[in-house]
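We count residues from 1, following the sequence as given.
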Amino acid sequence: MKLSQVLSSINQVEKSKFISCLDKLCSGAIHHDQKLAKSVNKIDGQIKNASGSEITALFTLVSEYFKDAIQEQLAMSGAQIGLLINILIRDGNSVARTSWIETLYNKEWLELNKLSNELLEDIEASRGTEEFSRGKILSIYQDCLRTAFKNDEKINREARISDDERGILNCLANSLNVSMDEASAIENLIDPIPQNNALDGLNALREMGVLFINRKRSEVLIPDEVVAILNELQGRELADKHTLRILRSFTDAELSNVLKHYGKKVRGVDREVKIHTIIHSLIPIRTILQRDLFAANETQNQRKDRLKQLISDLELSVDKIGTTLDERIDVIIDTLNESAANEFESLSAAGFKEMYTSLQLHFPSLEVLLKKEFELEDNEDIDIDKLRALSITPVDILYLLNNEEIKIVRDKMGLSKRGNPRQLILESFANANDRFIENYSLLAKRDLAGLKLAGVDISEADLGIKFEEITKEIFENLNLTVDEDVRKAINTAKDKADIIISLSDDDVIIGEAKTCKNGDFAKYSTTSRQIKAYVSRCENQGKRVAQVLIVAPSFSTDFVESAEMDTEVNISLLEAKGLKLIYDAFKARRNPKFSAKLLTKGGLLKAELIAKNI
């Protein structure tokens, strides 16, 4: 979840620690950062009174200062904080109940403690032997880590590992082929992590400004921007979900090469277990792509060619693949890190929902797999809004299925056997929604026969819901912000708004999508009661309703006149064919000029005039 979304979902008290940290950073930096000083002056130096968008903009400007401050505080914190951060920055844990984070913490502690005891046995077995065994390697690392930790006690200071020492230890672990999970387990032998009181650690991180805690929902929220900074501090260049994509592209032999570098078992180990072991071992992806992937006798040119093939297998859209090995690794890492926005745009919210529903039909255990891989609660209700909040894209969902499973789904869907099966599935749902948009007017009129003649397969019961979904998609394609978070916040069991378009942090447009089978849409009194209830709900949430927009196939004369004369709310009316006309004009322009303000003129909007001026 983006910082702006987090800020809009919590109250002022829950923002206070983060704002205090931001205020402190700004106060220290404005004297030598003119751009930051200019932004602070715009709000008269009162950051506590700033809007969500202003706070987000300030955070972007001070992110480097924030990273330095957090790095310093984390260096002074105990091992418990480090374990909590490892949990919080994993895919799926950026929005979670505090009780669930405590459950994950306990599970992680038990696994770490078990690994610590296993490694201790190997280390003790190697004592007094000359053989350079795996246990001997681990004992060397343990001795170095103990020295780094205990050094401070010699000068009467609290024992801890400094950033400089941490850097040296990471270099040593890499040279000795000690994986990051093994390094953490050995550190646990020297500086034991407490098993309980995870909530104390969460509160400490809140004090640092790293996360937010929604007291009403007992929920931990950590913004994507902060996760990216913590990943950088942890030396993690890719999220686990992106590492999974890379590992899915490896052959069995290549996966074994990676495991052999760290003394892991490979004989008789299933492919999926190999992938899970590599991800859980926290091996840096750069090390995998530089060294671990390859056999010892492979030349530099062979390694570069393999990465070129990997870029192709992952279907990464890049201008240049680079000439050196490191350049190609940079291309892979950078492109995957920047992929989320493009992947969400590849399917609309409606298309994403349809794909997810279809995948569940063809692969019934998908939700169980999703909860397992992204560490979601068993009783968690999974919907597209939740997935978007966790930055889980349609492509992430497709990569949950292994290469054989995705081919089975492809075949069940009757898609071509040529090409990348994941890409084929993705494109099939993008194309399906294109057909609905193309026949948008027929959908609005509930013309089932006309839709079937156009090759659009849908049941009559689904026409209204589909019209609402496609209307949202059209607004999204017009670069309007369809805000599902606000819509969910104002909806009740009785009052359910169709669409909320955010114009700013505080201003919204309420949208209603109405289908009508015969004649003009004429139900003004019923519609009026609905929209006034939505307006009231929005205002109670601190939002100002700039306009109500009703989309229907056409409107009766009485409906238009009643809307124009209504003094309680500002209402705009837009015919479905008119919205399609605006959409077509927008798509036809290389640099279209369209603003949501064009929808706030009131009365029956002149779509032809709007389309002409885009």
Side-chain angles (χ1 to χ4, degrees), residues 17 20-21 24-25 27-29 32 62 64-89 105 108-109 112-113 115-117 119-120 122-124 126-128 135-211 226 229-236 282 284:
K17 296 298 180 182
S20 296
C21 294
K24 184 178 178 181
L25 291 172
S27 299
H32 55 271
V62 300
E64 283 301 314
Y65 306 117
F66 180 84
K67 183 177 77 173
D68 292 341
I70 292 302
Q71 186 173 19
E72 184 178 334
Q73 291 179 77
L74 292 181
M76 301 296 292
S77 302
Q80 182 188 54
I81 296 295
L83 183 60
L84 271 172
I85 286 177
N86 283 336
I87 293 168
L88 292 166
I89 63 178
Y105 177 88
E108 192 82 1
W109 186 92
L112 184 66
N113 206 50
L115 181 57
S116 294
N117 291 329
L119 297 183
L120 182 60
D122 291 341
I123 292 169
E124 291 300 327
S126 70
R127 300 289 187 193
K136 193 68 160 180
I137 290 170
L138 296 173
S139 70
I140 292 170
Y141 182 78
Q142 184 192 40
D143 291 341
C144 293
L145 195 148
R146 182 185 290 109
T147 301
F149 182 71
K150 297 287 186 180
N151 267 339
D152 295 301
E153 293 180 347
K154 295 177 181 178
I155 53 174
N156 200 27
R157 295 177 64 180
E158 183 182 355
R160 68 181 184 86
I161 298 174
S162 68
D163 284 337
D164 290 340
E165 289 168 335
R166 181 75 64 189
I168 295 169
L169 287 169
N170 288 342
C171 184
L172 178 65
N174 184 52
S175 299
L176 293 175
N177 293 341
V178 175
S179 61
M180 288 295 98
D181 66 327
E182 290 173 333
S184 297
I186 292 172
E187 185 169 348
N188 184 51
L189 293 171
I190 296 166
D191 182 20
I193 299 172
Q195 183 176 5
N196 302 311
N197 302 324
L199 190 56
D200 291 342
L202 290 175
N203 285 323
L205 288 169
R206 178 177 176 266
E207 292 288 331
M208 295 181 199
V210 168
L211 55 80
V226 176
I229 288 172
L230 293 174
N231 272 325
E232 190 177 342
L233 293 176
Q234 296 276 333
R236 298 176 67 171
L282 304 177

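Nearest heavy atoms, L119 versus A185: CD1-CB, 3.8 Å. Residues Y65 and H32 come closest through the heavy atom pair OH-NE2, 3.7 Å. In this structure, Y105 and Q195 approach most closely via the heavy-atom pair CE2-O, 3.2 Å. Looking at every heavy atom in both residues, R127 comes nearest to S139 through NH1-CB, 3.8 Å. Closest heavy-atom contact between N86 and R236: O-NH1, 4.1 Å. V178 and A183 make their closest contact through CG1-N, 3.9 Å (heavy atoms, listed as atom of the first residue, atom of the second, distance).
Residues satisfying the side chain to side chain donor-acceptor pair (under 3.5 Å) criterion with N177, sequence neighbours excluded, are R291. Under the side chain to side chain contact (heavy atoms under 4.5 Å, CB included) criterion, S184 pairs with L112, sequence neighbours left out. For D191, there are no side chain to side chain donor-acceptor pair (under 3.5 Å) partners, not counting sequence neighbours. Checked against ring-ring contact (aromatic ring centres under 6.0 Å, His included), Y141 has no partners two or more places apart in sequence or in another chain. A search for salt bridge (Lys or Arg N to Asp or Glu O under 4.0 Å) contacts involving K24 returns nothing, not counting sequence neighbours. Every residue meeting the side chain to side chain contact (heavy atoms under 4.5 Å, CB included) condition with E207, not counting sequence neighbours, appears here in chain and number order: K17. Evaluation of the side chain to side chain contact (heavy atoms under 4.5 Å, CB included) rule for N196 yields no partner, not counting sequence neighbours. For R157, the side chain to side chain donor-acceptor pair (under 3.5 Å) criterion is met by no residue, not counting sequence neighbours. Every residue two or more places apart in sequence or in another chain that forms a side chain to side chain contact (heavy atoms under 4.5 Å, CB included) with D200 is listed here: N197.
With values rounded to the nearest 0.5 angstrom, I85 atom CD1 is found 7.0 Å from M208 atom CE. Note: D122 CG to N117 CG = 11.5 Å, rounded to the nearest 0.5 Å. Taking CG of L84 as the start and CG of L211 as the end, the distance is 9.0 Å to the nearest 0.5 Å. Going from atom CG of L176 over to atom CD1 of I137 covers 6.5 Å, rounded to the nearest 0.5 Å.
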Taking only distance into account, with no hydrogens and no angle test, what donor-acceptor pairs under 3.5 Å do side-chain atoms of residues 144-153 form with protein atoms, sequence neighbours excluded?
residue: R146; atom: NH1; partner: D143; partner atom: OD1; Å: 3.3
residue: T147; atom: OG1; partner: D143; partner atom: O; Å: 2.9
residue: N151; atom: ND2; partner: T147; partner atom: O; Å: 3.3
residue: D152; atom: OD2; partner: R160; partner atom: N; Å: 3.3

All N/O donor-acceptor pairs, side-chain side in residues 68-75, below 3.5 Å, sequence neighbours left out:
residue: Q73; atom: NE2; partner: A69; partner atom: O; Å: 3.4

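A side-chain hydrogen bond (donor to acceptor under 3.5 Å, both in side chains) check over residues 163-173, counting only residues at least two apart or in different chains, returns the pairs S162-E165, R166-E187.
Between L138 and I186, the closest side-chain pair of non-hydrogen atoms falls below 4.5 Å.
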- request: With side-chain contact (heavy atoms from CB on, under 4.5 Å) as the test, would you mind laying out the steps for L88 and L205 before giving the verdict?
  value: CA-CA 11 Å; L88 292 166; L205 288 169; 3.8 Å; yes
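Formation of a donor-acceptor pair under 3.5 Å by the D181 side chain with backbone atoms of L282 is not found in this model.
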